[in-house]
Enquirer: 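The structure that follows is given in the form of structure tokens.
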Amino acid sequence: MRPFIALLLGTSFGIVLVKSEVASWFRIQKMFHFQEAHMYLVIGSAVVVGALSIALIRALNAYAVSGESISFQGKDFHKGTAIGGALFGLGWALTGACPGPIYAQIGNGEYLALITFVGAFIGAYGYAMLQPKLPH
């Protein structure tokens, strides 16, 4: 039953990405060219919803479905974060996709996103292999 629920939720998420045009290469390019605010408003809305959700979880001392308490730990900043963020942003700007929308783009018939998928896969695998040698 769990795989079916995951498939249903993933499909629903993909539909939302496509219908809201968040997976649109053209919208993403317009964002990076500062030609329209659509993507900035979507990202800003996500930040607000995330911040409010965290505040609510803390205020209610909520627990996960498994019964474990939910806690949030910060992460240390290091130069690898800036380098990785720059590489991620460059890839996003060039391909018009971050990892989430790749599947929605492929599902929507934008088959050039398969190239992005292969690049993301190679990048994730390469990071896993090089991670001990990277700056921290």
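Please read all numbers here as calculations on a predicted model, not as lab measurements.
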Enquirer: Hey, are the side chains of His38 and Glu21 touching, using non-hydrogen atoms and a 4.5 Å cut-off?
Expert: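 Yes - at least one pair of side-chain heavy atoms lies under 4.5 Å apart.
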
Enquirer: Step by step, work out the side-chain contact (heavy atoms from CB on, under 4.5 Å) result for Phe117 and Gln105.
Expert: CA-CA 10 Å; Phe117 175 78; Gln105 288 174 329; over 6 Å; no

Enquirer: Strictly by ring pair (Phe, Tyr, Trp, His ring centres under 6.0 Å), give each pair with a member in residues 1-33 just once, sequence neighbours left out.
Expert: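 Applying ring pair (Phe, Tyr, Trp, His ring centres under 6.0 Å) to every pair that reaches into residues 1-33, excluding sequence neighbours, yields Phe32-Trp92.
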
Enquirer: At what distance, to the nearest 0.5 angstrom, does OG of Ser12 lie from CG of Leu7?
Expert: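 Ser12 OG to Leu7 CG: 9.0 Å, rounded to 0.5 Å.
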
Enquirer: Taking all non-hydrogen atoms of both residues into account, name the closest pair between Ala104 and Gly14 and its distance.
Expert: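 Where Ala104 meets Gly14 most closely, the heavy atoms are CB-O, 3.9 Å.
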
Enquirer: Is there a path of hydrophobic side-chain contacts, each under 4.5 Å between heavy atoms of I, L, V, M, F, W or Y residues, that connects Val16 with Val47?
Expert: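 Not linked; separate clusters.
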
Enquirer: State plainly whether one hydrophobic cluster holds both Val18 and Leu41, where clusters connect Ile, Leu, Val, Met, Phe, Trp and Tyr through side-chain heavy atoms under 4.5 angstrom apart.
Expert: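 No, no single cluster joins them.
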
Enquirer: Can you tell if the side chain of Gln29 reaches within under 4.5 Å of the side chain of Gln35, non-hydrogen atoms only?
Expert: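 Gln29 does not reach Gln35 side chain to side chain.
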
Enquirer: OG of Ser24 to CG of Leu17: how many Å apart, nearest 0.5 Å?
Expert: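 Answer for the OG-CG pair, Ser24 versus Leu17, is 11.5 Å.
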
Enquirer: Hey, is OH on Tyr125 packed in by over 12 heavy atoms from elsewhere, all under 6.0 Å?
Expert: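 Check fails, neighbour count at 12 or below.
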
Enquirer: Of all the heavy-atom pairs spanning Thr81 and Asp76, show the shortest one and how long it is.
Expert: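 The pair with the smallest heavy-atom distance is OG1-O, 4.4 Å.
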
Enquirer: Mind checking the CD1-CG spacing from Ile28 to Leu94? Nearest 0.5 Å is all I need.
Expert: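 Rounded to the nearest 0.5 Å, the CD1-CG separation comes to 12.0 Å.
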
Enquirer: Taking all atoms of both residues into account, what is the closest heavy-atom pair of Ile106 and Ala113, and its distance?
Expert: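 Heavy-atom minimum between the residues: CG1-CB, 3.8 Å.
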
Enquirer: To the nearest 0.5 Å, what is the distance between OG1 on Thr95 and CG on Leu90?
Expert: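 Interatomic distance, Thr95 OG1 to Leu90 CG, rounded to 0.5 Å: 9.0 Å.
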
Enquirer: Do Ile43 and Met31 have side chains that get closer than 4.5 Å, going by heavy atoms?
Expert: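 Ile43 reaches Met31 side chain to side chain.
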
Enquirer: Using 0.5 Å steps for rounding, measure from the CD1 atom of Ile57 to the OG atom of Ser71.
Expert: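 Output value for this atom pair is 11.0 Å.
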
Enquirer: Same cluster or not: are Tyr111 and Tyr103 linked, directly or through other Ile, Leu, Val, Met, Phe, Trp or Tyr residues, by side-chain heavy atoms under 4.5 angstrom apart?
Expert: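 In one cluster: yes.
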
Enquirer: Rounded to the nearest 0.5 Å, what separation is found between the CZ atom of Arg27 and the CE atom of Met39?
Expert: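 Result: 9.0 Å between the selected atoms.
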
